[in-house]
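Right, one structure below, let's go through it.
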Amino acid sequence: MAVVPLLLFGGLWGAVGASSLAVVTCGSVVKLLNTRHNVRLHSHDVRYGSGSGQQSVTGVTSVDDSNSYWRIRGKTATVCERGTPIKCGQPIRLTHVNTGRNLHSHHFTSPLSGNQEVSAFGEEGEGDYLDDWTVLCNGPYWVRDGEVRFKHSSTEVLLSVTGEQYGRPISGQKEVHGMAQPSQNNYWKAMEGIFMKPSELLKAEAHHAEL
C-alpha cells in the first residue's frame with residue numbers, strides 16, 4: 001500500500017491559545033509514546049512467526065520512523081467526524097497510516113512475554129470489532145499533554161509495553177501486548193503528528209464556560 005503523504009491532511013491545528021482546547025480529535029494522525037519505556041507505537045509489514053501470524057505491532061525508540069503514525073477514527077462501523085474531540089471512555093480505532101491496518105487484539109499469546117498478542121489487522125482501514133479500543137483518561141476529553149490508557153473493548157486488556165526486546169529481523173524493537181492489570185507499563189501520550197482542529201462545538205462550550 002502506498003504511503004499516505006502527511007502533507008495532504010487539511011484543517012491542521014497549529015498553535016492553541018487555550019489549554020482547554022488542546023484536545024485530541026478524530027482524524028488526527030499521531031505518534032503514541034509509551035511513557036514508561038520511551039518507545040513509540042509502531043507497525044510494519046512484518047508478520048508474527050507464531051500466534052495469529054498477523055502484522056506485528058512493536059515499540060521503537062526512533063522519533064523519526066514513518067511507520068509510527070496512526071490515524072484516530074471512530075469505532076468499527078461508525079464514522080467520527082474530523083475534528084470531533086475524543087471523550088474519555090470513548091471507543092476508537094487506531095489505523096496504521098502506512099499499511100491501512102487497525103490496531104487489534106484477540107486471544108492469542110504474545111511471542112515474548114506470554115501476555116495477549118496485539119497485532120495490526122484488516123485492509124484499507126476496515127477490519128472487525130476486535131479493532132476497538134476504549135480511551136481511559138481523566139476529565140471529559142483526551143488532552144494532548146495528558147497520559148491515557150487504551151483498553152481493548154472486547155477482551156478488556158490494556159495496551160502495554162514491559163520491555164521485552166525482539167531479535168532479528170526487527171532487532172531492538174520492543175514487544176507491545178495486552179495486559180489485564182493497570183500499571184505504569186500501559187500509559188501512553190500523544191506526541192508528534194497532525195492534530196485536526198477541534199470542532200466548533202467544543203469552542204462554544206469553552207466560550208460558554210468563560211461567561
Side-chain angles (χ1 to χ4, degrees), residues 1-9 12 24-34 37 39-49 51-80 82 86 90-106 108 110-111 116-135 142 144 148-155 157-161 166 169-170 172-178 186 188-196:
M1 178 179 296
V3 174
V4 179
L6 294 181
L7 294 179
L8 292 181
F9 293 100
L12 307 190
V24 178
T25 57
C26 285
S28 295
V29 175
V30 302
K31 292 184 178 183
L32 295 167
L33 176 73
N34 181 279
H37 295 277
V39 292
R40 284 161 175 77
L41 188 68
H42 176 272
S43 192
H44 44 205
D45 200 11
V46 175
R47 295 182 177 273
Y48 287 122
S52 69
Q54 293 176 3
Q55 182 171 303
S56 60
V57 173
T58 63
V60 297
T61 56
S62 173
V63 177
D64 301 324
D65 195 319
S66 66
N67 276 313
S68 299
Y69 283 110
W70 301 82
R71 188 198 312 269
I72 300 168
R73 304 169 64 209
K75 69 178 183 178
T76 301
T78 68
V79 175
C80 185
R82 187 174 71 182
I86 301 296
Q90 178 178 336
I92 62 169
R93 278 175 293 174
L94 292 167
T95 301
H96 189 242
V97 170
N98 283 356
T99 64
R101 296 189 171 101
N102 299 321
L103 189 71
H104 182 93
S105 193
H106 40 212
F108 286 92
S110 63
Q116 184 165 303
E117 182 189 278
V118 170
S119 63
F121 174 77
E123 297 294 337
E124 303 290 342
E126 297 307 316
D128 62 25
Y129 70 98
L130 293 173
D131 301 338
D132 295 340
W133 298 80
T134 300
V135 180
W142 177 6
R144 288 172 57 180
V148 300
R149 288 185 168 109
F150 299 103
K151 184 177 184 179
H152 192 240
S153 299
S154 295
T155 66
V157 295
L158 297 163
L159 186 69
S160 304
V161 177
Y166 288 104
I170 50 175
Q173 297 185 21
K174 301 292 180 67
E175 182 185 83
V176 173
H177 50 250
N186 31 66
W188 300 83
K189 186 176 180 181
M191 300 296 288
E192 305 81 11
I194 296 174
F195 293 84
M196 294 298 169

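Along the sequence shown, the residues carry numbers beginning at 1. This one's a predicted model, so the numbers in the text were calculated from it and none came from an experiment.
- Between the side chains of Ser52 and Glu117, at least one donor N or O sits under 3.5 Å from an acceptor N or O.
- Under a 3.5 Å cut-off, the side chain of Asn34 and the backbone N or O of Asn186 do not form any donor-acceptor pair.
- Arg40 meets the side-chain hydrogen bond (donor to acceptor under 3.5 Å, both in side chains) test with Glu192; sequence neighbours excluded.
- Residues passing the side-chain hydrogen bond (donor to acceptor under 3.5 Å, both in side chains) test with Thr155 are Gln116, His152, sequence neighbours excluded.
- Using a 3.5 Å distance cut-off with no hydrogens or angles, the side chains of Ser110 and Glu175 do pair a donor with an acceptor.
- Looking only at distances, no side-chain donor or acceptor of Ser62 sits under 3.5 Å from a matching main-chain atom of Val60.
- Geometrically, Lys174 does not engage Tyr166 in a cation-pi contact, judged by NZ or CZ lying under 6.0 Å from the ring centre and within 45° of the ring axis.
- With sequence neighbours left out, the side chain to side chain contact (heavy atoms under 4.5 Å, CB included) criterion links Pro91 to Lys75, Thr134, Ser153.
- Between the side chains of Asp131 and Thr76, no donor N or O sits under 3.5 Å from an acceptor N or O.
- The closest side-chain donor-acceptor pair between Asp65 and His42 falls under 3.5 angstrom.
- Thr95 and Arg73 form a side-chain donor-acceptor contact under 3.5 Å, judged by distance and modelled atom types alone.
- Residues His44 and Asn67 bring no donor and acceptor atom of their side chains to less than 3.5 Å of each other.
- Residues meeting the side-chain hydrogen bond (donor to acceptor under 3.5 Å, both in side chains) test with Ser119, sequence neighbours left out: Gln54.
- Contacts of His177 classified as ring pair (Phe, Tyr, Trp, His ring centres under 6.0 Å), with partners at least two apart in sequence or in another chain: none.
- In terms of modelled atom types and a separation under 3.5 Å, the side chain of Ser68 and the main chain of Lys31 share no donor-acceptor contact.
- Residues meeting the side-chain hydrogen bond (donor to acceptor under 3.5 Å, both in side chains) test with Gln55, sequence neighbours left out: Ser43, Thr99, Arg101.
- Between Phe150 and Trp188, the angle of the ring planes lies from 30° to 60°, which puts this pair in the tilted group.
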